[in-house]
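Below, each value reflects all heavy atoms present in this structure, side chains not excepted, and no hydrogens, waters or symmetry copies. Below, chains carry the letters A, B, ... as their sequence lines are ordered, and counting in each starts from 1.
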Number of protein chains: 2
Amino acid sequence: MADISFRVNSKLFVRDPQHTDLGQRIIKHSIDLIDKLGFEDFTFRKLADQIESAEASVYRYFENKHRLLHYLTAWYWNWLNYRIDIATNSLSDGSLRLKAAIKVITDPKIEDPRFEFVNEVALHRIVVAEMEKTYLTKWVDNDNEEGLFWGFNSLCHKLSGFINIVSPGYSFANSLASTVLLATHQQLFFLIHLPGLSDMKKKDDLSVQHQQLQTFIEEMVFRTIGC
Amino acid sequence: MADISFRVNSKLFVRDPQHTDLGQRIIKHSIDLIDKLGFEDFTFRKLADQIESAEASVYRYFENKHRLLHYLTAWYWNWLNYRIDIATNSLSDGSLRLKAAIKVITDPKIEDPRFEFVNEVALHRIVVAEMEKTYLTKWVDNDNEEGLFWGFNSLCHKLSGFINIVSPGYSFANSLASTVLLATHQQLFFLIHLPGLSDMKKKDDLSVQHQQLQTFIEEMVFRTIGC
DNA sequence: TGACGGCAATAGTATTACTTTCAAAAATGA
DNA sequence: TCATTTTTGAAAGTAATACTATTGCCGTCA
């Protein structure tokens, strides 16, 4: 198996967690713990207990828990970006590429054996439930200057690039792309917690839900840009 | 001037703030303070200092600051709902009604003299910056059971009702409506803080920005539902 | 051997969200 | 108008949290 890892913005961490045993345990167990407790109830103390280390040791890898959330979501966006590359690089037709990208974004997430210490299924749940908290803060402008949103930005621009190839005259490719990325995850949140805000149904099984989601998003994109 | 007020879910407060002097001061100054400090840095202690009252007194009106945010956002959604009613009740054509509703949602917000102790311009900024925090919590399921999202739900269903009149066969009216309501506010956030995610430009003046926003949303809705 | 990086352990700080208690003030109502 | 009830203010207290600071140990590598 190829030994791959994403280059994430070094501002996201104090010390790169990918290169040490403790760092990898921090990533792995923080995903499990945030998924289990929710981000608010998650603390570095609880994480340290879980990995049988000390609170101060976690702070040597991440400045605070907010930056750790940044790191995890950035990793997720990079992962989607990478999977879109794989799914689209053999396709030459613009519409097919856009369609393939939407499929990667809306498909149910399964574990990716290429990344050992990341549970992608749990991480996807975290992104659905907590992602907006990366930017709904008073630090958003500073965080953006430091490039902490590079992963999301980059994915967004990949999508808007695809959109503009299919429909060069469309004026709102970035807005549509960001709306689509957010809506995809928000609709999954609504489906579970606020079902009146979505048309997908809880009772349907996962694959049916995601099929409906894909249809909703695909129709919205292709009709909006005029195809 | 007509003395009107919205009936909000009584679970939103401990004691109805609309009926007492202290309650009205809490509403007025909490809007100003949250707008100024952001929701995280806003505390009942600071609010009490501002209105020259006591922290415990504020707790007699709202169980906690999270419920106060619920109250303010619910008020905002009710306000939009009410203004959509006014803007559409003379229109009989479905497309025109939908268009008018979108205009109310995307138009710049100005102060509404019908509501004395609410600064709608500041409240709109709060909704743009903090709204998602009403449901991105571990209490979301309980809050939903208690009907705390009734205001947003109701607005969403009004919009999806309009959508279904224009296009009865469209299957995702609720999802499209919720996506539109969120996207409208999120794009305004991006425009200010993460401009790479939107196509509206900071340098444009307010009315141009909102004109672009309206065009973006209107195109998205009408093309998606097939008109 | 010894300098150094990495880690554990402990204690400590400032802030926050919220509660409790009690007395004073204001509104109410007979 | 006077007694009663309700509402408010003031002050203190509690538990949890996010984060910091310090110290000293252990293993590695020059």
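At whole-Å resolution of the value, NE2 in B:His19 and P in D:dT8 are 13 Å apart. Straight-line distance from the CZ atom of A:Phe44 to the C1' atom of D:dA18: 10 Å, rounded to whole Å. Rounded to an integer number of Å, the gap from CG of B:Leu22 to P of D:dT6 is 18 Å. Here the P atom of nucleotide C:dG6 and the CZ atom of A:Phe62 are 15 Å apart, to the nearest Å. A straight line from CH2 of A:Trp139 to P of D:dA18 spans 11 Å, rounded to a whole angstrom. To the nearest angstrom, P of C:dT19 lies 12 Å from CZ of B:Arg60. Rounded to an integer number of Å, the gap from B:Tyr59 OH to D:dT7 C1' is 19 Å. In this entry the distance linking CD of B:Glu40 with P of D:dA18 reads 12 Å, nearest Å.
In this model, the phosphate group of C:dT16 is not approached by any side-chain N or O of B:Thr43 to a distance below 4.0 Å at OP1 or OP2. Look at A:Tyr61 and you'll find a side-chain N or O under 4.0 angstrom from OP1 or OP2 of C:dC7. For C:dC7, neither phosphate oxygen OP1 nor OP2 lies less than 4.0 angstrom from any side-chain nitrogen or oxygen of A:Ser53. Put simply, B:Asn64 has a side-chain N or O that comes within less than 4.0 Å of OP1 or OP2 on C:dC18. Taking 4.0 angstrom as the limit, B:Arg45 places none of its side-chain polar atoms (N or O) nearer than this to OP1 or OP2 of C:dT16.
Of the candidates B:Gln187, B:Gln186, B:Gln212, B:Gln187 is the only one forming a side-chain hydrogen bond (donor to acceptor under 3.5 Å, both in side chains) with A:Ser175. Checked options B:His66, B:His70, B:Glu40; the residue passing with B:Lys133 is B:Glu40 (criterion: side-chain hydrogen bond (donor to acceptor under 3.5 Å, both in side chains)).
Here A:Arg83 does not pair with A:Asp112 in a salt bridge; the nearest charged N to carboxylate O distance is not below 4.0 Å.
Checking B:Glu52 against A:Lys65, the closest nucleotide of DNA chain D that is more toward the 5' end is the one next to B:Glu52.
Qualifying side chain to side chain contact (heavy atoms under 4.5 Å, CB included) partners for B:Lys201, counting only residues two or more places apart in sequence or in other chains: B:Lys203, B:Asp204.
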Margin query: Does A:His193 form a ring-ring contact (aromatic ring centres under 6.0 Å, His included) with B:Phe149? I'd like the steps, not just the answer.
Written below: CA-CA 11 Å; A:His193 299 291; B:Phe149 298 105; over 10 Å; no
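Considering only side-chain atoms of B:Ala56, the nucleotide from C:dC7, C:dT10, D:dA11 that sits closest is D:dA11.
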